[in-house]
Amino acid sequence: MADQPERQALDEVVEFTSDLIRIDTTNRGGGDCQERPAGEYAAARLAEAGLEPNLLERTKGRTNVVARIEGTDPSADALLVHGHLDVVPAEARDWSVHPFSGEIRDGVVWGRGAVDMKNMDAMILAVVRDWARQGVRPRRDLVIAFTADEEASAEDGSGFLADEHPALFEGCTEGISESGAFTFHDGSGRELYPIAAGERGTAWLKLTARGRAGHGSKVNRENAVTRLAAAITRIGEHEWPLRLTPTVRAALTELAALYGIETGLADADALLDKLGPAAALVEATVRNSVNPTMLDAGYKINVIPGEAVAYVDGRFLAGAEGEFRTTLDRLTGPDVEWEFQHREVALQAPVNSATYAGMRAAVEEFAPEGHVVPYCMSGGTDAKQFSRLGITGYGFTPLKLPEGFDYQALFHGVDERVPVEALHFGVRVLDRFLRTA
């Protein structure tokens, strides 16, 4: 039995990435998405590998796929391996290639989903099929899940699966998904491979200011737009205090040791200043954050509206939600109400676990020149919903990327793409980790 993926697996990961990109699963929110064609594609590839995938929908067309691979050790906890099928919108006129072409050009696969996250979906399929050909079984049960609706509320995806089909995930104590184990070039020749062991909580907010409607030419001390604008300004200008979670502490500690920096965690801002480009892995997760993103008020220029609404993207650290709520109460003031439009928990995962050690070892085997470090994601993933089932989530989508390839900027960005060699690396690392997890 071989202990490496066969050439066919390396070819298939490229083929599957391209094929999945060509299936337009744009999620505009509000239920405007159809993941079913991508779900059927993934299910067919799993069935060809001898698995029995379940296709599950809360809403017609919003398809999720779940299958289980039995391990050799029935006493071992199961591992969830999951990826989402939906993607954010893309405007073709802004791209160098059509965003749903799946074009392979100069050793790069182009299109929406190339890094978020049809690449990982394709890696999972390629590894599972390679195992079927080689007769490989993992030590622990693996539950494979491809989900809908991650790019919106996840109500039709991982939330639905966790709430309505928990039996499919029986025995799962840990999970892996986006986004970690990618090459981060620090500008000085070092290659870092951050593995996610935490996520900030999601707090999408609706702010509503009410006042007295009236004629635009009259004095109005109860103008809803003015009240809302004042609150939004306070929110946008607020300086959140430094708060270090265990994952971020671990990240800063390892980075400081790697760069030979003696500044302690008590002066984390000074430490970040000394890390140079590597600070980008940490700086968005040392504080809560709130960013106003949408405004809605009025219907005519000479009419003062009685109500004005804003939407805000808030994120809070593990253990800091109470501070987040109290601060929002103060910043919005007595004339503006706020409520959660969507809220999900912050996550923490241990960096001293056997699973984390296994991910580190798999990366280091195929990138011995790299340095694996933990980090906390500034955003959120389906791991939040699966945490309801007691599943601890890690971000692990291995990719070896060339210098100058701005991986983070391509998430939800224009000209999203992934090198073929990065996909090959991902299959090798994922295969090695999952064989031994």
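Given the structure is predicted, the values throughout are model-derived calculations rather than measurements.
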One pair to check against ring-ring contact (aromatic ring centres under 6.0 Å, His included): Phe433 and Phe396. What are the steps and the verdict?
CA-CA 10 Å; Phe433 166 66; Phe396 189 71; 5.3 Å; yes
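- For the residue pair Cys33 and Thr25, the shortest heavy atom distance occurs at SG-O, 3.4 Å.
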Would you sort out whether Glu365 and Arg432 count as a salt bridge (charged side-chain N to carboxylate O under 4.0 Å, His left out), showing the intermediate values?
CA-CA 9 Å; Glu365 178 171 342; Arg432 179 52 51 92; 2.4 Å; yes
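- The shortest non-hydrogen separation linking Arg139 to Ala76 is NH1-CB, 3.4 Å.
- With Glu416 contributing its side chain and Gly113 its backbone, the two residues share a donor-acceptor pair below 3.5 Å.
- The aromatic rings of His82 and Phe386 sit perpendicular, their planes meeting at an angle over 60°, well past the 30° parallel limit.
- Of the possible donor and acceptor atoms, none in the side chain of Ser177 sits under 3.5 Å from a partner among the backbone N and O of Asp382.
- Between Phe340 and Phe324, the angle of the ring planes stays under 30°, which puts this pair in the parallel group of the 30/60° scheme.
- Listed by first and then second residue, the ring-ring contact (aromatic ring centres under 6.0 Å, His included) pairs involving residues 253-274 amount to none (not counting sequence neighbours).
- Looking at Arg200, its side chain does come within 3.5 Å of a backbone N or O of Arg287 through a donor-acceptor pair.
- For Gln341 (side chain) and Tyr311 (main-chain N/O), no donor-acceptor pair under 3.5 Å exists by modelled atom type.
- In terms of modelled atom types and a separation under 3.5 Å, the side chain of Ser101 and the main chain of His98 share a donor-acceptor contact.
- Asp77 has no carboxylate O lying under 4.0 Å from a charged side-chain N of Arg140, or vice versa, which leaves the two without a salt bridge.
- Crowding of Glu369 atom CD: a count of heavy atoms from other residues, nucleotides or ligands under 6.0 Å exceeding 12.
- Aromatic pair Phe160/His165: centroids less than 6.0 angstrom apart.
- Classification of the Phe182-Tyr375 ring pair by plane angle, with boundaries at 30° and 60°, yields perpendicular.
- A pairwise comparison of heavy atoms in Thr332 and Ala231 identifies O-CB, 3.9 Å as the closest pair.
- Here CD of Glu178 is found 9.0 Å from CG of Asp121. Values are rounded to the nearest 0.5 Å.
- Around atom CG of Asp406, more than 12 heavy atoms belonging to other residues, nucleotides or ligands sit under 6.0 Å away.
- Counted within 6.0 Å of CD on Glu170, heavy atoms from surrounding residues, nucleotides or ligands total 12 or fewer; the atom is thus considered open.
- Taking the charged nitrogens against the carboxylate oxygens, Asp313 and Arg315 do have a contact shorter than 4.0 Å, which makes a salt bridge.
- To the nearest 0.5 Å, atoms CZ (Phe425) and NZ (Lys400) are separated by 6.0 Å.
- Salt-bridge check for Asp19 with Arg22: passed, with a basic side-chain N closer than 4.0 Å to an acidic carboxylate O.
- The shortest side-chain heavy-atom distance between His84 and Lys118 does not fall under the 4.5 Å cut-off.
- Taking the charged nitrogens against the carboxylate oxygens, Lys384 and Glu150 have no contact shorter than 4.0 Å, which rules out a salt bridge.
- Applying salt bridge (charged side-chain N to carboxylate O under 4.0 Å, His left out) to Glu12 and the options Arg7, Arg45, Arg129 leaves one that passes, Arg129.
- Annotation: cation-pi geometry not satisfied between Arg137 and Trp131 (NZ/CZ under 6.0 angstrom from ring centroid, within 45° of ring axis).
- Taken to the nearest 0.5 Å, the NZ atom of Lys206 stands 14.5 Å off from the CH2 atom of Trp338.
- Of the inter-residue distances, the one linking Arg249 atom CZ with Cys376 atom SG reads 13.5 Å to the nearest 0.5 angstrom.
- Looking at Arg190, its side chain never comes within 3.5 Å of a backbone N or O of His371 through a donor-acceptor pair.
- A donor-acceptor pair under 3.5 Å links the side-chain atoms of Arg68 to the main chain of Leu168, judged by distance alone.
- Judged purely by atom type and a 3.5 angstrom limit, Glu199 uses its side chain to pair as donor or acceptor with the backbone of Thr381.
- At most 12 heavy atoms of other shown residues, nucleotides or ligands fall within 6.0 angstrom of atom CD in Glu70.
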Salt bridge (charged side-chain N to carboxylate O under 4.0 Å, His left out) for Arg133 and Asp130? Distances and angles first, verdict last.
CA-CA 5 Å; Arg133 290 188 294 268; Asp130 185 67; 3.7 Å; yes
